[in-house]
Amino acid sequence: GNRNNTRCSGGYNGTGGSVLAGTQDNASARTTTPTLATWTGIATGDGGPSAITPNSSPTQFIEGNTALLVTTDAFASVLRDITPPSPHPLFTPPMIVVPSTATPSQPTVYYGGKDLWRTTNPTSMSPPWTKRTRAAGFVTAIAVAPSDPTGRYVGFKNGPLQGSAAGG
């Protein structure tokens, strides 16, 4: 939603019953209540996009102040910074996509900043990130092809759209 020029973006997982929300000027929060009545703060600062691994609900991702943070226990105790080498500049929220994966404990994560970055081991202590695009502008959209889960589409702030098959 948008209230008083505050952008909100979030992640949802019906199986785990969690909803994450990153609000531009008001941090990030989570709820597990069906009525969305009780929210718990997760991180402070500028909250941004968030994602929940579709087939492993305890593995969740939030963005705050351009840092990408991961938990493997639904924020019970674990919250680590796994930001790729080239994050977005402050106040330009990145995009995060976590498609379904055959290995739920190690999902593939796409992070859009100045370029598109990918890691297949986001829960390791130092995740290896691979740059998947040449700078065409700042990433404003990332999507997984509904007809082919290995297909990726990336949109850039200055207009270009790039597509790739086989997770390229």
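We count residues from 1, following the sequence as given. Heavy atoms only: backbone and side chains are in, while hydrogens, waters and symmetry mates are out. Remember, predicted model here, so these are calculated numbers, not experimental data.
Nearest heavy atom pair, residue Q60 against residue A74, reads NE2-CB, 3.8 Å. Taking each heavy atom of G112 and I142 in turn, the nearest pair found is N-CD1, 3.6 Å. Nearest heavy atom pair, residue F75 against residue L20, reads CE1-CD2, 3.7 Å. Contact between R30 and I42 at its shortest, heavy atoms only, is CB-CD1, 3.4 Å. Residues T31 and T38 approach most closely at OG1-O, 2.5 Å, considering heavy atoms. Of all heavy-atom pairs between T119 and P127, the closest is OG1-CB, 3.8 Å.
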Verdict with supporting geometry, F61 and T53, side chain to side chain contact (heavy atoms under 4.5 Å, CB included): CA-CA 8 Å; F61 303 86; T53 303; 3.6 Å; yes
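A donor-acceptor pair under 3.5 Å is absent between the side-chain atoms of W117 and the main chain of T83, judged by distance alone. Formation of a donor-acceptor pair under 3.5 Å by the T120 side chain with backbone atoms of T108 is not found in this model. Under the 3.5 Å distance criterion, the side-chain polar atoms of T71 are left unmatched by any main-chain donor or acceptor of L79.
Two residues are said to be in side-chain contact when any heavy atoms from C-beta on lie closer than 4.5 Å; F156 and T140 fail this criterion. With a 4.5 Å cut-off on side-chain heavy atoms, W129 and I82 count as touching.
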